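These figures come from a predicted structure and were not determined experimentally.
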Number of protein chains: 2
Amino acid sequence: MRPTDTPKVRALPMFASVSDDTSNRVTGTAYLQRFPANTTLLLEGDPVDFLYVLLEGQVELQGTWKDKETTLTILRPVSTFILAAVVLDADALMSARTLERCEILMISGDAIRQNMAEDAAFAVAISRELSGCYRGLVRTIKNQKLRGGVERLANYLLTLRAKSGGGENIHLPHEKRVLAALLGMTPENLSRAFATLGGYGVEVNGADVRLGKLRDLERLARPDPLIDNYAPRAPLLAEADAEIWSTEHQRAGAA
Amino acid sequence: MRPTDTPKVRALPMFASVSDDTSNRVTGTAYLQRFPANTTLLLEGDPVDFLYVLLEGQVELQGTWKDKETTLTILRPVSTFILAAVVLDADALMSARTLERCEILMISGDAIRQNMAEDAAFAVAISRELSGCYRGLVRTIKNQKLRGGVERLANYLLTLRAKSGGGENIHLPHEKRVLAALLGMTPENLSRAFATLGGYGVEVNGADVRLGKLRDLERLARPDPLIDNYAPRAPLLAEADAEIWSTEHQRAGAA
DNA sequence: CGCGTGAGTTGACTAAAATCAAGAGACGCA
DNA sequence: TGCGTCTCTTGATTTTAGTCAACTCACGCG
């Protein structure tokens, strides 16, 4: 498996404003891999040899300490991950695990670093990608520390709505236990949070959710552009704001 | 005030492996500014025109939502901040405020971006700096979500000890209320946490702390290289690991 | 010297989230 | 069809952190 030029890869903001030359040199070293669900791609503390690009499926990034575990983010296509470790040629600070069957492009870390050194445009593209990731984490921390569980859920639902077109019906993209982890709470508490939001017009039916009283929900959630990334989903080549594109921001409330 | 070439600036990893040429072009646009304590340098949501480099003093980065406030990090010299916003030419996601009298170098964002585009080595240096910041945030989140208040304090004390040479006596570099904010708890709870650590040989006397039973404290704290950054303090030009140097990591347990 | 201010501590109380336990429903598979 | 597994939910309980209030102490200042 060795695609030099998937359209999806070319569409990556990482390569958008980079010469074909560099682009080819970098992707030339890449391997496309398929992984089954629930596979650990990378373990905390491991040295990182590849930059990963998620093309299909879902990947969870998690951290561990003393048999406790926390979800840092859940990625959806198209996203890169562990870029920072690649740039520094350092060990991974978090583990990566597939949540479903995934299609992942693996790009040699050496190639990344070398081409950055030789092509300023590419290095700039990487910087922009990294900056977006950084800002995604800042949003995550603010979301986590400033809001309570119910508020996080409310905002998650609102940004999910925004990203999926704005109707009053939305569809949860994850199992509820995964959503709970993403929102930094237990499945039990997520259940209760949904129950609480019932009072604000939120009706849940499996993975389908109707936001009845949008106004009420918004008054509770108080969405904030400095926490929630309301970027529309994938208007290919949004150009102006790399952040829209970058790694950690596809998911809703927590990024 | 317009120093083209402070030694401190030259010592920045950001410029370490960059040509004098680029280095001069970038710092040529810089202004050295002094600020009194408790001054807001930058407000959440503001457009960012400068990269800030803290040369003297302490700066707190904080986030706000609905009249709640959280401290994201406290910077000590030498550190850059809001680099990500500069790279993307985007609005700040967090506010910056001086905790004491500060000496800060302000570098034009335009100059940064332009020189990145023209000098690959500089762009790489920025990428490494950003990567370090990113990883610092990952550590912060793991510290926050995986550990309880007492554990965070215990680890903070241990990494502070490591950074200040390893004796059994350490000196807290912040007021306790600031430390509390940094560790993500209230001053009241910090007090109680110190009281709890009394059982582990921790004796507090104002800002002076003695770690009596190091072994016990370590068994409680379970420090982890994937959360706590035990980098020694400032062996100028550590080279190998840019992370040691970069922005958010000077502080102990939370980064 | 006396006083006001603010940091730090301590205790009682409240709020929020995790944990424990049990049960309902969906799904895959023999 | 029946069984086991797993998700999700609900309730009771515990743990943890935040809030409110009072008090001490050190410091600066008139």
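Between B/L217 and B/A154 the shortest heavy-atom distance is CD1-CB, 3.9 Å.
Remark: the backbone N or O of B/L160 is paired with a side-chain donor or acceptor of B/S164 at under 3.5 angstrom. One N or O on the side chain of A/D46 and one on the backbone of A/L43 form a donor-acceptor pair closer than 3.5 Å.
To the nearest angstrom, C1' of C/dA7 lies 14 Å from CG of B/L179. The CD-C1' distance, from A/Q144 to C/dA17, rounds to 11 Å in whole Å. Following rounding to the nearest Å, A/L146 (CG) and C/dA16 (C1') show an atom-to-atom distance of 16 Å. For the pair A/R177 CZ and D/dT5 C1', the computed distance is 13 Å after rounding to whole Å. Residue A/N205 contributes atom CG, which lies 20 Å from atom P of D/dT7 at whole-angstrom precision. If you measure from atom NZ of B/K145 to atom P of D/dA17, you get 15 Å, rounded to the nearest angstrom. Whole-Å rounding puts the B/L183 CG to C/dG8 P distance at 13 Å. Atoms NE2 (A/H174) and C1' (D/dC6) sit 19 Å apart, rounded to a whole Å.
Checking C/dA7, D/dT19, D/dT7 against the side-chain heavy atoms of A/E175 singles out D/dT7 as nearest. Checking D/dT19, C/dA7, D/dC8 against the side-chain heavy atoms of B/T186 singles out D/dT19 as nearest. Taking the side chain of B/E188 as heavy atoms from C-beta on, and the options D/dC20, D/dG18, C/dA21, the nearest nucleotide is D/dC20.
Counting only N and O atoms by type, the side chains of A/E129 and A/T80 include a donor and acceptor under 3.5 Å apart.
The pair B/E151-A/K66 meets the salt-bridge criterion, with a side-chain N (NZ, NE, NH1 or NH2) lying under 4.0 Å from an Asp/Glu carboxylate O. Salt-bridge formation is not detected for the pair B/R139/B/D224: no Lys NZ or Arg NE/NH1/NH2 atom is positioned less than 4.0 Å from an Asp or Glu carboxylate oxygen. Between A/K142 and B/E44 a salt bridge is recorded (basic side-chain N to carboxylate O distance below 4.0 Å).
In this structure, B/K68 does not reach the D/dG18 phosphate: none of its side-chain N or O atoms is under 4.0 Å from OP1 or OP2.
With respect to A/T71, the side chain to side chain donor-acceptor pair (under 3.5 Å) criterion is satisfied by exactly one of A/R97, A/E60, A/Q62: A/E60.
Ring-plane geometry between A/F81 and A/Y52 is classed as parallel, the angle between the planes falling under 30 degrees on a 0 to 90 degree scale with a further cut at 60.
Contacts between residues 189-204 of chain B and DNA chain C, counted as heavy-atom distances below 4.0 Å, involve B/S191, B/R192.
Overall, the helix from C/dC1-D/dG30 to C/dA30-D/dT1 carries an axis bend of 30° between its ends, with five pairs at each end and the value rounded to 10°.
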